[in-house]
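Each chain gets a letter, A, B and so on, in the order the sequences are listed, and its residues count up from 1.
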2 protein chains.
Amino acid sequence: MGASKLDIYTDDISEIAEIAKVFAHPARVAILKYISSQESCICNDIVVEIGLSQPTISQHLQVINKVGLLKGNFKGKSICYCLDVERFQQFQTLLNTFFNTTKATCC
Amino acid sequence: MGASKLDIYTDDISEIAEIAKVFAHPARVAILKYISSQESCICNDIVVEIGLSQPTISQHLQVINKVGLLKGNFKGKSICYCLDVERFQQFQTLLNTFFNTTKATCC
DNA sequence: TTGTATTATTGCAATATTACGATGTTAAAA
DNA sequence: TTTTAACATCGTAATATTGCAATAATACAA
């Protein structure tokens with residue numbers, strides 16, 4: 001009864017789900033797109049750009065950060081949030097592997 | 001104040017989030033992998049294979065179906081659930097476009 | 001028509017996510 | 001040191017998701 005039952009899946013399946021979850025909210029997709037397009041990563045701009053409150057943006061950034069997609073300086077003033085391109089490409093590769101190994105053989 | 005605020009994003013951003021949401025639960029990833037590997041799509045096998053109840057599997061299948069990833073016979077006995085490969089590849093392309101157009105330019 | 005097998009739907013409980021106001025923290029400027 | 005700017009964290013409310021038991025619907029066989 002209820003949610004979660006996450007220990008019954010293989011590691012690669014769980015990994016795909018974990019990755020997808022990051023992109024499963026438009027705010028996070030928008031944040032990723034925005035920080036990747038900015039030369040200077042002034043962070044409060046994200047709040048203005050997206051149109052959500054600062055705590056909410058901060059929360060979404062934490063989700064993005066938790067999977068290792070952020071790089072830069074994270075403490076104090078003049079913080080720089082940047083996309084970790086290597087990790088990002090790793091995600092792309094993992095998802096493509098999932099897609100390429102999932103091909104229908106019936107119907 | 002709570003959830004949802006989904007009307008403030010551009011269409012392409014919302015689309016990526018919608019697609020990702022389907023893969024954001026391991027049960028659905030497992031279902032997709034399983035039905036794609038089976039020659040005959042006997043559906044109750046999914047229940048046995050994944051280890052969740054029949055209503056829960058049915059619910060996940062509905063989510064997968066809603067985005068057009070399923071093909072086949074959907075009513076009555078001996079139902080055949082199959083992956084819509086074209087739609088699946090379309091998702092892959094859309095996600096790759098997102099990845100390829102999101103490249104960091106700072107840090 | 002009456003079973004029977006198979007999937008869908010409903011109703012409900014548990015948990016997770018999303019969002020924001022209030023407040024705390026941090027580092028640099030004044 | 002005090003102020004200030006920029007984020008993080010906490011607490012809380014609203015909503016969404018997940019999961020299953022019970023039940024309904026469907027199609028085929030007998």
task: For A:Q90, check side-chain hydrogen bond (donor to acceptor under 3.5 Å, both in side chains) against everything at least two apart and list the hits.
output: A:R87
- prompt: Please give, in whole Å, the distance from D:dA6 P to A:I46 CD1?
  reply: 13 Å
query: Whole-Å distance between D:dC7 C1' and A:L70 CG?
result: 13 Å
task: Look at the side chain of B:Q59 and decide which nucleotide, out of D:dC7, C:dG11, C:dT18, has an atom nearest to it.
output: C:dG11
field: Pairing residues for A:T10 by the side-chain hydrogen bond (donor to acceptor under 3.5 Å, both in side chains) criterion, not counting sequence neighbours
entry: A:D12
- prompt: What about A:Q62, does its side chain sit under 3.5 Å from the base of D:dA8 through a donor-acceptor pair?
  reply: no
- prompt: Are B:Y81 and B:Y34 close enough that their ring centres sit under 6.0 Å apart?
  reply: no
task: Grab the CG-P distance between B:N65 and C:dT7 for me, whole Å please.
output: 14 Å
Rounded distance in Å - CD1 (A:I8) to C1' (D:dG19): 11 Å
For atom CD1 of B:I57 and atom C1' of D:dA21, their distance in whole Å: 16 Å
- request: Rounded off to whole Å, could you give me the CD1-to-C1' distance for the A:I50 and C:dC20 pair?
  value: 16 Å
- request: Using atom NE2 of B:H25 as one end and atom P of D:dT18 as the other, report the distance to the nearest whole Å.
  value: 5 Å
Side-chain donor-acceptor pairs under 3.5 Å in residues 51-63 of chain B, sequence neighbours left out?
residue	atom	partner	partner atom	Å
B:S53	OG	B:T56	N	3.4
B:S53	OG	B:T56	OG1	2.9
B:H60	ND1	B:R28	NH1	3.1

- request: Using five pairs at either end of the helix from C:dT1-D:dA30 to C:dA30-D:dT1, determine the angle between the two local helix axes and round it to 10 degrees.
  value: 10°
query: Excluding sequence neighbours, so at least two apart, what forms side-chain hydrogen bond (donor to acceptor under 3.5 Å, both in side chains) with B:D11?
result: none
Donor-acceptor pair present, A:Q54 side chain and D:dA8 base, under 3.5 Å: yes
- prompt: Got a sec, which residues hit side-chain contact (heavy atoms from CB on, under 4.5 Å) with A:T101, two or more places apart in sequence or on another chain?
  reply: A:T97, B:K33
Touch class at under 4.0 angstrom, heavy-atom based, for B:L52 against every strand present: sugar-phosphate
